[in-house]
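Start at 1 and go down the list; that is how both ligands and their atoms are numbered.
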Amino acid sequence: MELPHDGDYFVDVHLGDPLLVRISRGDITKSSTDAIVNAANSMLLAGGGVCGAIHRAAGPAIADECRKISERQSPLAPGHAVATTAGLLPSKYVIHAVGPIWRGGDEDEAQVLANCYRESMCIADELGLRSMAFPAISTGVFGYPVKEAAAVAIPTIVKSLAAAKHLVFVEMVLFDKPTLDSFAAVALQQPDAYPNHSYYCSIGQMQS
Ligand code: APR
């Protein structure tokens with residue numbers, strides 16, 4: 001299956017009804033999934049990138065909640081996540097996950113990144129949520145190469161979704177086209193990796 005050369009598209013990975021992973025391009029602050037994930041820092045402070053965008057769009061409520069969590073358990077170690085409500089955002093919750101800083105790949109970055117996705121999905125599932133959206137954690141300020149990050153994120157999401165009790169829909173909301181292309185390419189390569197459950201991809205065109 002080939003990716004479209006022009007325009008925005010999304011890739012749906014069908015893991016057997018009703019489980020679906022969607023890979024699309026967009027601004028995660030507009031997402032109406034039950035939870036969105038923030039690429040946070042260990043101090044849970046409003047930074048730049050997607051973190052800054054989420055804090056700006058949510059208003060001050062989540063910064064207050066983050067401050068209270070930080071008083072109890074700061075710094076939050078890379079690979080871990082905590083949930084707050086979502087302030088003015090369309091979602092119900094923001095799950096703040098601290099990704100690894102890329103240091104060349106030999107310092108457990110892949111395991112830490114996988115843990116971010118797993119723990120975020122575990123928290124969402126324990127909250128009884130049906131849907132959630134992720135940005136490409138660590139691929140901005142933290143410098144994780146996008147293709148390598150996609151190769152960690154997609155299989156981790158697929159396995160965690162197959163094991164979830166409540167979650168049925170996980171969306172990767174990617175900010176730029178090269179990141180979308182990298183994550184989509186990994187998703188299309190994966191079918192043989194999951195012999196124990198169904199894995200089928202379809203490609204759709206975004207409405208402009
Ligand atoms: N929606 C979706 N994705 C976004 C958005 C948005 N509104 N804004 C940025 N991104 C993308 C970036 O293009 C990148 O692909 O999110 C990805 C992650 O980039 P960063 O936000 O820089 O996150 P990360 O690399 O994990 O670095 C985290 O940055 O701002 C600080 O507080 C944050 O210290 C932490 C660090």
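Between S160 and R118 the shortest heavy-atom distance is OG-CG, 3.5 Å. V186 and K147 make their closest contact through CG2-O, 4.5 Å (heavy atoms, listed as atom of the first residue, atom of the second, distance). Here the shortest heavy-atom pairing between L89 and A57 reads CD2-CB, 3.6 Å.
Contact check on K165 versus D125 returns no salt bridge, with no Lys/Arg side-chain nitrogen under 4.0 Å from an Asp/Glu carboxylate oxygen.
The only member of T29, D27, T33 that meets side-chain hydrogen bond (donor to acceptor under 3.5 Å, both in side chains) when paired with S31 is T33.
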Give every pair formed by an N or O atom of ligand 1 and a protein N or O atom closer than 3.5 Å, one pair per line with both atom names and the distance to 0.1 Å, or write none.
| residue | atom | partner | partner atom | Å |
| --- | --- | --- | --- | --- |
| ligand 1 | 1 (N) | I28 | N | 3.0 |
| ligand 1 | 7 (N) | D27 | OD1 | 2.9 |
| ligand 1 | 15 (O) | T139 | OG1 | 2.9 |
| ligand 1 | 19 (O) | G140 | N | 3.4 |
| ligand 1 | 21 (O) | V50 | N | 2.8 |
| ligand 1 | 22 (O) | V141 | N | 2.8 |
| ligand 1 | 25 (O) | S138 | O | 3.4 |
| ligand 1 | 25 (O) | T139 | N | 3.4 |
| ligand 1 | 25 (O) | G140 | N | 2.8 |
| ligand 1 | 25 (O) | V141 | N | 3.2 |
| ligand 1 | 25 (O) | F142 | N | 3.0 |
| ligand 1 | 26 (O) | S138 | N | 2.8 |
| ligand 1 | 30 (O) | G48 | N | 2.8 |
| ligand 1 | 30 (O) | G48 | O | 2.7 |
| ligand 1 | 32 (O) | N41 | ND2 | 2.6 |

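Under the 3.5 Å distance criterion, the side-chain polar atoms of E71 are left unmatched by any main-chain donor or acceptor of I69.
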